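Encoded as structure tokens, the structure appears first; notes follow it.
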Number of protein chains: 2
Amino acid sequence: MGRPTLEDVARLAGVSRSTVSRVINRQPGVAPSHRRLVQEAVVELGYRPHLAARALASGRADTLDLIILDDDPDALSANPHYARVLAGTVKALAGNDIRLQIHVLPTIVGSWAGTGFGAVLINVPPESAQRLRRGYGWVVSMGRSAPRVSSIEPDNAEGGRLAVDHLYRAGRRRIAVIDGPESNPCAVQRREGGLRVIREAGLEPVLVRGDFTFATAERRTRELMAGHPDIDGIFACCDMTAAGARQALSATGRRVPDDVAIVGFDDGIVASSSGLTSVRQTVEDNAGLAARMVLAREGRRVTVPVSLTVRESSGHHRDA
Amino acid sequence: MGRPTLEDVARLAGVSRSTVSRVINRQPGVAPSHRRLVQEAVVELGYRPHLAARALASGRADTLDLIILDDDPDALSANPHYARVLAGTVKALAGNDIRLQIHVLPTIVGSWAGTGFGAVLINVPPESAQRLRRGYGWVVSMGRSAPRVSSIEPDNAEGGRLAVDHLYRAGRRRIAVIDGPESNPCAVQRREGGLRVIREAGLEPVLVRGDFTFATAERRTRELMAGHPDIDGIFACCDMTAAGARQALSATGRRVPDDVAIVGFDDGIVASSSGLTSVRQTVEDNAGLAARMVLAREGRRVTVPVSLTVRESSGHHRDA
DNA sequence: CTGAAAGCGCTTACAG
DNA sequence: CTGAAAGCGCTTACAG
């Protein structure tokens with residue numbers, strides 16, 4: 001007999017399809033007694049709305065959009081950070097019969113008429129996020145955004161502090177910070193958190209401009225070590241940057257961590273598979289929460305705690 | 001005025017909606033003259049089918065399923081290989097208005113009634129693939145599968161040969177191979193390709209049982225080096241395995257590549273971000289091709305060439 | 001607060 | 001080979 005329909009629920013509850021529809025969609029203006037009857041019928045039949053039908057009737061799609069701003073069209077495979085976002089979103093949507101529409105774009109042009117439930121935004125600058133919010137009705141940004149845009153972000157500044165504090169405690173006194181894109185609030189907060197600790201310790205920070213890519217980090221670290229051969233600690237504002245820095249150090253004959261200790265940020269696969277000390281952020285959980293916030297139309301700004309995972313790159317002792 | 005509908009096309013072409021539907025869906029039994037009229041109208045109006053409506057009317061979904069078999073529910077973020085598959089699929093589907101339904105499961109239980117266009121299979125053993133093929137109507141397996149299941153795979157045996165040959169040419173004579181799950185045809189072929197080269201060189205191979213995970217590789221490599229301290233080269237059948245091996249070597253005081261050279265397989269982010277020599281397979285392209293094969297109902301078995309990317313872990317010389 | 005009815009844009013027997 | 005018609009499972013004015 002196939003899956004139960006609205007009609008089945010209506011019949012069992014002894015009301016009209018309209019009423020059932022209203023209850024399902026949490027619309028106001030339904031007598032509490034009817035509401036209860038419908039809810040019971042839904043449970044009894046195990047009813048779940050047919051999303052394609054809803055999409056057709058309502059004109060909106062049964063879709064959650066994931067919008068990733070990145071110049072690299074292959075970013076999804078090149079940057080494991082996105083994979084974590086995707087993983088978290090997929091997990092949050094599991095069983096919900098909601099489809100994910102993934103967009104990887106270099107930039108947001110014009111205005112979008114989002115046709116689905118809404119969108120989760122990655123690396124989208126505040127102004128664009130604002131526009132998308134209007135087009136979509138509902139968006140949640142990963143990382144702080146414009147005032148009226150919901151967001152969820154790790155405690156970036158605290159992460160920066162943890163990283164540099166760790167380097168300092170390990171005895172490092174010439175510490176460089178490699179930051180990320182100036183347009184990325186996360187990158188800026190991490191840098192500032194790190195720089196503050198360096199200054200508070202009475203040290204002179206060395207700042208290197210990064211862009212969250214391996215290649216740039218590698219090049220800039222070579223330049224850094226040429227100009228400041230006494231650097232003994234590096235805080236990189238993401239793991240890819242840390243990996244690039246390590247590559248440059250190794251290529252120029254420095255030992256890690258003996259000569260230079262490195263701490264990254266993300267604690268993703270790049271860090272865990274290569275012994276990189278890193279600030280841990282729960283990307284998967286954050287993305288899952290963002291997705292759920294979109295679906296539930298929740299508007300708020302969440303900051304998530306971070307921690308430090310210590311590995312070999314900052315001097316974790318060997319066990320044999 | 002909104003997007004054009006079937007009705008609009010029918011009116012412009014001067015035929016019925018039924019006829020238009022038949023042309024759109026490439027069904028036989030339409031007069032060539034009518035077919036042309038419809039096609040012209042489609043182009044003129046820029047008509048594209050409303051997939052939710054089609055899904056509702058036909059009972060099938062506008063969806064491509066991606067089925068990943070993995071014991072780890074977080075595999076999507078833990079293993080960057082899947083991210084590459086996802087990236088390739090998303091790219092192939094871009095602009096097609098087709099949604100991706102992603103499933104990460106420990107095992108395939110019972111029979112599935114696939115409701116969408118079909119499925120791309122990752123790590124699905126032949127018998128299950130066979131069943132899914134029936135349920136879905138159309139599937140394509142990443143990696144060789146049952147006789148009647150279409151597949152696309154890298155030239156695994158050749159990759160194994162390339163890897164070991166490279167170690168041999170670098171002067172390594174005590175070479176170990178860490179393989180993958182016995183149930184995974186890719187893993188088996190890589191191992192056999194590598195072992196053959198070792199034997200052909202008149203050497204005695206050392207085989208280590210792996211499972212494509214970092215943790216197992218780390219543990220087994222410790223055991224390996226305890227039992228065979230003279231090992232000077234390791235071919236690991238995937239990058240995660242290579243990373244685990246390297247971790248174990250470093251933890252037990254061996255230098256890479258000076259004491260032991262390592263070659264992995266995949267050449268994904270784990271390899272490129274940490275100087276790991278690896279056999280390159282074009283996962284993204286392969287996955288994209290698989291997706292397109294499902295949509296086009298193409299049935300064939302494709303083998304894709306591989307190559308070797310040499311980095312520090314096998315003795316690539318330093319540049320400064 | 002409630003329901004009858006039209007309609008979303010397609011597909012698919014069915015009759016011809 | 002073709003078209004009129006029913007129907008997929010919902011939503012949403014509209015009237016009451």
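Keep in mind that the numbers below use all heavy atoms, side chains included, and drop hydrogens, waters and symmetry copies. Bear in mind the structure is a predicted one, so any value in this text is a computation, not a measurement. All chains are named by letter (A, B, ...) in the order of the sequence lines, taking the proteins before the strands, and each is independently numbered beginning at 1.
- Of the listed nucleotides (D/dA13, D/dC10, C/dG9), D/dA13 has the atom at the smallest distance from the side chain of A/R22.
- No side-chain donor from either of A/D267 and A/Q281 sits under 3.5 Å from a side-chain acceptor of the other.
- Atom NE2 in A/H50 sits about 13 Å away from atom C1' in C/dC10, given to the nearest Å.
- In this structure, the CG atom of B/L45 is 16 Å from the C1' atom of C/dC10, given to the nearest Å.
- Side-chain N/O atoms of A/S18 include none lying less than 4.0 angstrom from OP1 or OP2 on C/dT2.
- The residue A/T5 sits close only to the backbone: its heavy atoms come under 4.0 Å of sugar-phosphate atoms, none of a base.
- To the nearest angstrom, P of C/dC10 lies 8 Å from CD1 of B/I24.
- Of the N and O atoms on the side chains of B/D8 and B/Y47, not one donor lies less than 3.5 Å from an acceptor on the other residue.
- Counted within 6.0 Å of CZ on B/R301, heavy atoms from surrounding residues, nucleotides or ligands total more than 12; the atom is thus considered enclosed.
- In this structure, CZ of B/R11 is placed 15 Å from P of D/dG3, rounded to the nearest angstrom.
- Atoms CZ (A/R26) and C1' (D/dT11) sit 17 Å apart, rounded to a whole Å.
- The interatomic distance linking B/E7 (CD) with C/dC8 (C1') rounds to 12 Å, in whole Å.
- Judged by closest nucleotide on DNA chain D, B/P32 is the one of B/P32 and B/A57 placed further toward the 5' end.
- Rounded to whole Å, atom P of C/dC10 lies 11 Å from atom CZ of B/R48.
- Between the CZ atom of B/R35 and the C1' atom of D/dC1 there is a distance of 11 Å, given to the nearest Å.
- Out of D/dA4, C/dG3, D/dC10, the shortest distance to the side chain of A/L6 is found at D/dC10.
- Between A/T89 and A/A287 the shortest heavy-atom distance is OG1-CB, 3.8 Å.
- With hydrogens and angles ignored, no donor-acceptor pair closer than 3.5 Å exists between the side chain of B/R3 and the base of C/dG9.
- With the nearest nucleotide of DNA chain D identified for both B/V15 and B/A53, B/V15 has the one nearer the 5' end.
- Annotation: the span from A/L76 atom CG to A/I102 atom CD1 amounts to 6.0 Å, rounded to 0.5 Å.
- Listed nucleotides C/dG9, D/dC10, C/dG3 differ in distance to A/Y47; the shortest reach to its side chain belongs to D/dC10.
- Closest to the B/H34 side chain, of the nucleotides D/dT2, D/dC10, C/dG9, is D/dT2.
- Proximity note for A/R17 (side chain, C-beta onward) versus C/dG3, C/dA6, C/dC14: the nearest is C/dA6.
- One finds a salt bridge joining B/K91 and A/D74 here, because a Lys/Arg side-chain nitrogen approaches an Asp/Glu carboxylate oxygen to under 4.0 Å.
- Atom CZ of A/R144 sits in a sparse spot, with 12 or fewer heavy atoms from other residues, nucleotides or ligands closer than 6.0 Å.
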ask   = If pairs are Watson-Crick or G-U with both distances under 3.5 Å, what is the dot-bracket string of DNA chain C, marking crossing pairs with [ ] and pairs to another strand with |?
value = |||.||||||||.|||

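- Across all strands shown, A/T19 has heavy atoms under 4.0 Å from sugar-phosphate atoms exclusively, and none from any base.
- With hydrogens and angles left out, the side-chain atoms of B/S77 and A/E284 include a donor and acceptor closer than 3.5 Å.
- Closest contact between the side chain of A/A31 and the listed nucleotides C/dT11, C/dG9, C/dT2 involves C/dT2.
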